[in-house]
Structure formats: structure tokens, C-alpha cells
K.L.:
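Please read through the structure below; I'll follow up with questions.
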Amino acid sequence: MEKWPLGVFASLDAGLGVHLDVAHELGVPTIHLHAPSRESRTPQKAQEFLARLHELNIKISVVFGGFEGESYADIPTTRRTVGLVPPETRAARTAEMKEISDFAKLLGVSIVGLHVGFVPHDPQDPMYDDVVRVTREVCDHAKKNGQAVHLETGQESADTLQKFIGDVARDNLFVNFDPANMILYGSGEPLVALKKIGSYVRSVHCKDALWSSQPGNSWGTEMPLGEGAVGMEAYLRTLDEIGYRGPLTIEREIPQDRPRQKAEIGRAIKLLSELKQRLG
Ligand code: MG
């Protein structure tokens with residue numbers, strides 16, 4: 001496979017990604033797909049969708065699970081609503097994540113990803129064991145489908161994430177590294193974290209952000225790629241250093257302004273293409 005094929009985060013009927021026709025117009029060969037809503041996760045829809053992807057010559061590298069009721073409005077809301085952590089929705093979402101894994105299998109995709117939520121930083125917290133247990137359940141289900149599970153980074157420091165992966169103890173559990181999330185959530189210098197957990201990183205997002213004035217308490221600001229604090233050249237050099245050769249998937253979460261989203265992703269593609277030429 002070509003080193004570092006470009007990609008974008010895309011969605012069908014749910015999620016913040018660009019639509020498929022936009023991915024096509026942008027000319028990228030790969031996408032991360034936000035899992036469509038339950039009604040669309042049927043064998044027939046999967047077939048239709050695969051035919052469309054074939055026409056457009058686009059491959060899905062990861063299917064991401066997302067759940068109704070999740071809100072990233074601010075850090076406390078994210079903590080309360082996102083992923084498999086909130087106790088009220090944990091059982092239903094774990095079941096839904098397995099359905100998403102089944103749908104990904106229909107699409108022939110061997111990786112499912114998710115924001116597992118704010119894993120308690122204190123392993124003595126009783127919720128910690130519960131989250132470990134449901135993550136195992138998702139991994140074991142995915143394994144039967146021949147899939148790996150990638151945890152989106154952000155909420156955890158590299159150390160917490162590493163400890164969590166060790167405690168889940170499943171050989172199909174890896175990391176989708178998002179450097180901007182580390183900044184947005186204030187959970188550590190992204191490139192230091194990337195080196196630390198490099199051996200787990202099997203997919204990545206290319207996203208940029210500026211630190212908040214109160215890291216960890218209020219959001220940082222997502223920025224167009226190259227205009228934030230990640231440092232795209234250093235990011236790609238570090239990916240090279242850890243031996244990462246997979247897709248560089250651009251994520252720009254401003255679905256409220258589609259024309260701007262498309263224009264900025266266009267510029268991001270240009271930036272990454274130049275860096276690829278120089279470093280790849
Ligand atoms: Mg991301």
C-alpha cells in the first residue's frame with residue numbers, strides 16, 4: 001500500500017464528517033466513516049453504499065461508532081454524555097457498538113473506532129472496572145468479526161490510555177491518534193504522547209487546535225490544519241519515526257458551515273500533500 005494515503009472523515013446520515021460526494025470532489029482515496037443511523041445499517045444499504053464507494057474509488061479504513069445523546073458542548077457535558085462511560089446508557093451503547101461492528105463487517109471494514117468516553121483516571125474508581133469490562137466485550141465481539149478496535153485519543157493522558165489498554169488486555173485493541181484532541185481536552189503535549197503510545201497507533205486523524213487558557217477545564221479551539229499548535233511537519237515526522245504508514249485522515253468538525261469545511265479541507269489536503277512529498 002502507498003504510504004500515507006490521504007483521507008477525510010465522512011458521514012452518510014449521522015455525524016460531523018463531510019458527505020461522500022464532497023470526499024469524492026476532494027479527490028481522496030480513503031475515508032473514516034461515521035457509522036450511519038440504525039435504520040441505515042442494513043445489508044441492503046451496505047450493498048448500495050459499497051457500490052457507490054466502488055464507483056467513486058474510495059475505500060473505508062475505519063468505521064467510527066457514535067451514539068445518540070452524545071454532546072461535545074463543553075468538557076463537563078462531554079464527560080457526562082460521551083461513549084461507553086455514562087452508566088445510564090452504557091449497556092445500550094455497548095450493544096449498539098456491536099451492531100456497528102457487524103455493519104462494518106458487511107462493508108468489509110476491519111477496524112471500528114470509538115470515543116470510549118472519559119475513562120476515570122483513578123483505577124480505584126469503581127466505574128473504571130465497568131468501562132474495562134464493556135471495552136473487552138466490544139473487543140471480543142469485533143474479534144469475531146475479524147476486526148480491531150481503535151480508541152480515539154483525547155480525554156486521557158498517554159499514561160492513562162496506556163494503562164487502560166493494558167488492563168483491557170485484548171490483542172485487537174489499538175489507538176486512533178488525534179493530536180488536536182489532546183490539545184482541546186488539555187490532556188498533554190500531543191507529540192510526546194504519540195511517541196509514548198506509538199506502538200498502539202494504527203490510525204490517525206489530522207486535526208489542529210489551540211490550547212485553552214485553562215487546559216482541561218474549558219475547550220481549546222479547533223483550527224484549520226496548520227494553523228493550530230500541533231505542528232503538522234513535526235506530527236508527520238513523528239508518525240514516520242513510529243513507523244506509521246497508514247492513511248492520514250483529515251477531520252474538520254464544522255458541519256454548520258459546509259462550504260468553509262470543504263475549502264479548509266481542500267487546503268489541508270494541499271498542506272499534507274506537500275509535507276508528504278518532502279518527508280514521505
Ligand atoms: Mg478525531
Side-chain angles (χ1 to χ4, degrees), residues 4 6-11 14-18 23 28 30-35 60-67 70-75 77-79 81-85 97 100 104 109 111-119 148-158 161 173-191 193-194 197-198 200-212 219-232 235-236 238-239 244 246-256 261 264-265 268-269 271-272:
W4 293 346
L6 296 185
V8 293
F9 207 110
S11 4
L16 307 178
V18 303
V28 294
T30 71
I31 56 170
H32 282 184
L33 179 73
H34 190 287
I60 309 172
S61 54
V62 184
V63 172
F64 269 87
F67 309 103
E70 290 184 323
S71 165
Y72 292 87
D74 51 39
I75 290 183
T77 307
T78 305
R79 190 183 290 277
T81 65
V82 167
L84 305 182
V85 174
M97 195 59 215
I100 289 170
V109 176
I111 305 171
V112 290
L114 81 157
H115 267 286
V116 75
F118 272 81
V119 174
V149 175
H150 289 193
L151 300 176
E152 171 89 354
T153 55
Q155 302 92 333
E156 286 72 42
S157 68
L161 191 62
L173 183 60
F174 298 102
V175 164
N176 180 79
F177 191 81
D178 185 324
N181 283 353
M182 308 285 305
I183 294 174
L184 290 167
Y185 290 86
S187 40
E189 283 290 343
L191 302 190
L194 178 57
I197 56 171
Y200 292 111
V201 173
R202 300 288 171 95
S203 61
V204 302
H205 287 157
C206 291
K207 194 169 89 186
D208 215 340
L210 291 172
W211 295 91
S212 123
W219 282 127
T221 310
E222 195 191 319
M223 297 293 289
L225 207 73
E227 295 176 27
V230 171
M232 278 304 135
Y235 181 43
L236 263 59
T238 309
L239 288 173
Y244 179 80
L248 301 177
T249 305
I250 299 161
E251 188 177 27
R252 183 68 175 118
E253 303 188 50
I254 45 166
Q256 69 283 8
Q261 185 185 40
E264 289 187 2
I265 293 175
I269 288 173
L271 171 65
L272 291 176

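Just follow the structure's listing: the first ligand is 1, and inside any ligand the first atom is 1.
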K.L.:
Decide yes or no for Leu248 and Leu239: does some side-chain heavy atom of the first lie under 4.5 Å from some side-chain heavy atom of the second?
P.N.:
yes

K.L.:
Is it the case that Asn176 and Ser203 place a side-chain donor and acceptor less than 3.5 Å from each other?
P.N.:
yes

K.L.:
Would you say the side chain of His32 lies within less than 4.5 Å of the side chain of Glu251, judging by non-hydrogen atoms?
P.N.:
no

K.L.:
Among the N, O or S atoms of Asp178, which one sits nearest to the Mg ion (ligand 1)?
P.N.:
OD2

K.L.:
I'd like the atom name of the N/O/S atom in His205 lying closest to the Mg ion (ligand 1).
P.N.:
ND1

K.L.:
Tell me which N, O or S atom from Glu251 is the closest to the Mg ion (ligand 1).
P.N.:
OE1

K.L.:
A side-chain contact here means heavy atoms from C-beta on lying under 4.5 Å apart; do Lys207 and Phe9 qualify?
P.N.:
no

K.L.:
For the Mg ion (ligand 1), what is the closest N, O or S atom on Glu152?
P.N.:
OE2

